[in-house]
Amino acid sequence: MGIDSKYLYSAGAEEKSYRSGELIFAEGGQSSFYFQVIEGKVKLCNQNSDRKEFLQDIIIAGKCFGESSLFNDKEYRMDAVALEDCVILKLARINFVGMLETYPKLYEKFCSLLCERTYYQSVMLHANSLLKPADRIVGLMEYLKSTERDQEKFSFKIPFTRQQMANLTGICVETAIRTLKKMEKDAVVEIRDHKIFF
DNA sequence: CCATTAAAGTTGC
DNA sequence: GCAACTTTAATGG
């Protein structure tokens with residue numbers, strides 16, 4: 001999760017609404033804001049040269065994005081696009097830094113948040129370096145489920161479409177579908193009412 | 001509630 | 001991996 005929004009508001013964060021599909025920032029742009037989703041979902045992705053997309057992450061309400069380059073003056077390495085109608089808090093870098101200085105406790109929060117992203121990226125990098133599609137999908141699902149309380153088998157409903165899972169793991173939808181069906185047969189996942197349980 | 005249509009999922013090639 | 005086909009979800013009466 002991100003930072004308690006009351007701190008963001010008091011530091012001068014502003015709410016901004018985006019329509020579904022609207023670009024929030026683009027690859028190559030300069031980063032100068034901390035973003036946090038209040039309502040809706042945002043995708044972080046790269047547009048492939050052959051107009052396929054690679055999905056880096058999907059940011060749900062309460063989570064933040066764009067924070068990785070707040071302190072290094074680098075350009076964004078991905079696009080951020082609203083997946084549905086969104087309300088997003090934007091806080092300018094200078095005010096964000098001021099906020100951290102006013103509330104040193106938030107440094108700790110911010111660090112843990114950065115580390116969570118680093119951890120996610122290393123898990124996904126490893127999973128996606130595997131050759132077999134099934135291993136990539138399992139890697140993704142294991143990470144997603146690791147943040148859940150309930151670790152019972154087949155208790156976790158995958159919150160993504162097959163298309164999204166494919167784009168997160170760099171395989172194509174058809175492969176994802178065929179692989180998931182095989183995994184169902186092998187009792188790795190359960191498919192109930194078209195939804196995937198892991 | 002049903003009809004329409006867009007989006008997601010499926011399958012053969 | 002495309003394209004044709006099927007199913008589900010969303011929208012509007």
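Letters go in sequence order (proteins before strands), and every chain restarts at 1.
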Rounded to the nearest angstrom, tell me the gap between atom CD in A/E174 and atom C1' in C/dC2. 7 Å
Please report the distance, rounded to the nearest Å, between CD1 in A/I177 and P in C/dG1. 13 Å
Who pairs with A/D4 by salt bridge (charged side-chain N to carboxylate O under 4.0 Å, His left out), at least two apart in sequence or on another chain? A/K6
Is a donor from one side chain sitting under 3.5 angstrom from an acceptor on the other, for A/N46 and A/Q56? yes
Nearest-angstrom distance from the residue atom CD1 of A/I191 to C1' of B/dG9: 11 Å
Whole-Å distance, A/L83 CG to B/dA7 P, equals 13 Å
Gap between atoms NZ and C1', on A/K182 and B/dT10 respectively (whole Å): 18 Å
Should A/V37 and A/Y34 be regarded as members of a common hydrophobic cluster, given that ILVMFWY residues are connected when their side-chain heavy atoms come within less than 4.5 Å of each other, either directly or indirectly? no
Produce the list of close N/O pairs, under 3.5 Å, pairing protein atoms with atoms of nucleotides 6-9 of chain C; give distances to one decimal.
unit_1: C/dA9; atom_1: OP1; unit_2: A/K195; atom_2: NZ; d: 3.1

What class does the angle between the rings of A/Y76 and A/F25 fall in, given that below 30° is parallel, 30 to 60° is tilted and above 60° is perpendicular? parallel
Give me each pair satisfying side chain to side chain donor-acceptor pair (under 3.5 Å) with a member in residues 185-198 of chain A, each pair once, sequence neighbours excluded. A/K182-A/D186, A/E190-A/R192
A/E53/A/K43 ion pair, N-O < 4.0 Å: yes
Does any pair with a residue in residues 107-125 of chain A pass side chain to side chain donor-acceptor pair (under 3.5 Å), and if so which ones, sequence neighbours excluded? A/D57-A/R117, A/E67-A/R117, A/E116-A/Y143
Contacts of A/K63 that satisfy salt bridge (charged side-chain N to carboxylate O under 4.0 Å, His left out) - sequence neighbours left out: none
Using a heavy-atom distance cut-off of less than 4.0 Å, which residues of residues 159-169 of chain A contact DNA chain B? A/T161, A/R162, A/Q163
